[in-house]
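The structure appears right after this line, and notes come after that.
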Amino acid sequence: NPDKMKTPKAFQRAAYKIGYTFNWLYVDNKHDAYFNSGNNPVRPAGVNPNFPVRARKQFVWKGFNPTAFTARYTPASQHAQVVDQDYITSWNNKQAPGTRASDAQWGFSSVYRVMPLSDRVQKGIRGKRKMTLVDLINAMEDAGTVDLRGAKALPLALKAIGTPSDPALRSAVSKLRAWVRAGSHRRDRDNNGTYEHSDAVRILDAWWPLWMKAEFAGKLGKPLYDGVQDMLPLDNPPNNHGDHLGSAYQDGWYGYASKDLRTLLGQKVRGKYSRVYCGGGKLARCRSALRSSLKTALSQDSPAQVYGGDSVCKSAGRDGDQKCFDAVRQRPLGAITMPLIDWINRPTFQQVVEIQGHR
């Protein structure tokens, strides 16, 4: 209620009283603020949330009432929050550095889908720059067609691969590098029915599962490699496993691939893994594994192999079509339907608001 909360601190006090988890944003013409609400239970000291515990009193939440399903909750000071940060981006990403995810969330890593949006906002306000409303809309729309794998993981793999002597591999690597330089978008700007850099997009789509296997399966072993995928799938593609939701890249092994390859390549890495997985830490072996997996992908990257069999595209008479495979499908609520629209990594909603006065 704006009549009750006229400052960022008053907003945060109000948001703390909300019992469910949500990212709340505040803005007036002088300040911005953020608060992550939710009844976060207090765990006993010594309980590691990464491991199961026995259902005994000394291990359950502090003050837990199994009948009312209530407990003692963490104070407001322990919730993710900020006041007057230069910008705030929220796209289902981790709330803040040092903030734990829920026990059911395994998808937070060093790479997340908010990054293309944050990158564009950071560039727009660098130094003394300011973004207009149009600039902000453009940043949102431009970020919405970025393939997160292509933007944040592929450049590292291409660096590890180097320049192959095999003509087919060299051609594929050249196409992938050109796509990365162009921004790793999945879009058709001239509306000719085909993505710009469509070959590179198709190559990565075919290569990604083979690349992940080449990078991680050897060290993890098949049972563990398969088991981790039960918690966190390799990819959350635009097709969304046939659902055509638009929303993509929310969960996947993007951060795993990035951190492992950055460590292998000698780059500065925070929170290194216990070992390097690709090639067992040997660049030559990693390079060989990645090249071999890419060559296999090139033998399986025809449009029919990569994009065929999708029920939505079959119904539209476009089976095997790359753009259709990504396209967003509207759910009909009555007798009228809508045609498929070009893919964009859509959020729940978008709005642009300019606050011109102070209450």
Side-chain angles (χ1 to χ4, degrees), residues 2 5-12 15 22-37 79-99 107-156 179-187 189 196 246-250 254-255 258-259 262 267-271 343-359:
M5 47 168 222
K6 300 180 181 181
T7 66
K9 288 300 182 184
F11 148 75
Q12 291 179 335
F22 200 77
N23 293 318
W24 298 99
L25 303 169
Y26 169 95
V27 62
D28 60 33
N29 70 332
K30 299 178 181 178
H31 302 285
D32 64 59
Y34 160 78
F35 192 87
N36 180 259
S37 68
H79 286 240
Q81 58 193 284
V82 75
V83 174
D84 288 343
Q85 190 166 275
D86 286 346
Y87 72 95
I88 300 169
T89 47
S90 176
W91 200 357
N92 302 110
N93 43 288
K94 189 174 182 179
Q95 298 90 329
T99 301
F108 292 155
S109 70
S110 57
V111 172
Y112 205 64
R113 70 176 182 179
V114 76
M115 295 174 77
L117 175 59
S118 298
D119 290 345
R120 285 155 178 77
V121 173
Q122 288 173 356
K123 183 178 180 181
I125 62 173
R126 187 174 298 152
K128 295 184 178 180
R129 295 181 187 176
K130 291 187 177 181
M131 298 183 78
T132 66
L133 296 183
V134 172
D135 290 336
L136 187 60
I137 293 170
N138 285 339
M140 293 190 296
E141 294 301 305
D142 197 63
T145 56
V146 170
D147 184 310
L148 187 64
R149 307 164 306 169
K152 298 298 180 181
L154 181 58
L156 298 164
W179 181 44
V180 169
R181 286 194 299 270
S184 303
H185 290 279
R186 302 173 78 97
R187 66 184 177 190
R189 299 189 77 173
E196 286 82 41
S247 178
Y249 306 122
Q250 187 165 341
Y254 323 121
S258 169
K259 183 172 284 192
R262 282 184 286 126
Q267 298 182 13
K268 187 176 180 180
V269 177
R270 294 180 61 187
W343 176 71
I344 186 164
N345 198 351
R346 61 169 186 79
T348 305
F349 61 85
Q350 287 174 281
Q351 62 179 355
V352 178
V353 180
E354 186 176 40
I355 309 298
Q356 299 185 356
H358 194 76
R359 292 189 57 145

Check: [X] side chain, [Y] main-chain N or O, donor-acceptor pair, under 3.5 Å:
{"X": "K94", "Y": "S110", "answer": "no"}
{"X": "W24", "Y": "Y34", "answer": "no"}
{"X": "K9", "Y": "V83", "answer": "no"}
{"X": "N345", "Y": "A248", "answer": "yes"}

**Results of side chain to side chain contact (heavy atoms under 4.5 Å, CB included) for Q85 - residues two or more places apart only** =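 D32, V82, I88.
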
**Message:** Can you pull out every salt bridge (Lys or Arg N to Asp or Glu O under 4.0 Å) where at least one residue sits in residues 107-119? Sequence neighbours excluded, please.
**Reply:**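 Qualifying pairs: D119-K152.
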
**Pairs meeting criterion salt bridge (Lys or Arg N to Asp or Glu O under 4.0 Å) with involvement of residues 126-139, two or more places apart** =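 As it turns out, there is no salt bridge (Lys or Arg N to Asp or Glu O under 4.0 Å) pair with a partner in residues 126-139 once direct neighbours are skipped.
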
**Prompt:** Tell me, do T7 and H31 make a side-chain contact under 4.5 Å, heavy atoms counted?
**Reply:**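 The answer is no, as the side chains (C-beta and beyond) never meet within the 4.5 Å cut-off.
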
**Message:** Taking the side chain as everything from C-beta on, heavy atoms only, tell me whether M115 gets closer than 4.5 Å to N93.
**Reply:**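 Heavy-atom side-chain distance check fails, nothing below 4.5 Å.
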
**Request:** Determine the interplanar angle of the H79 and F35 rings, folded into 0 to 90°, and report it as parallel if under 30°, tilted if 30 to 60°, perpendicular if over 60°.
**Result:**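 Geometry flag for F35 against H79: parallel rings.
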
**Message:** Classify the ring geometry of Y112 against F108: parallel below 30°, tilted from 30° to 60°, perpendicular beyond 60°.
**Reply:**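 Correct class here is perpendicular.
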
**Request:** Working to the nearest 0.5 Å, report the span between NZ of K30 and CD1 of I355.
**Result:**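 Here the interatomic distance stands at 13.5 Å.
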
**Request:** Measure the CD-CH2 distance between Q250 and W91 for me, rounded to the nearest 0.5 Å.
**Result:**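 That separation rounds to 10.0 Å.
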
**Message:** Show, in sequence, the C-alpha distance, side-chain angles and deciding distance for H185 and V146, and conclude whether the side chain to side chain contact (heavy atoms under 4.5 Å, CB included) test is met.
**Reply:** CA-CA 4 Å; H185 290 279; V146 170; 3.6 Å; yes

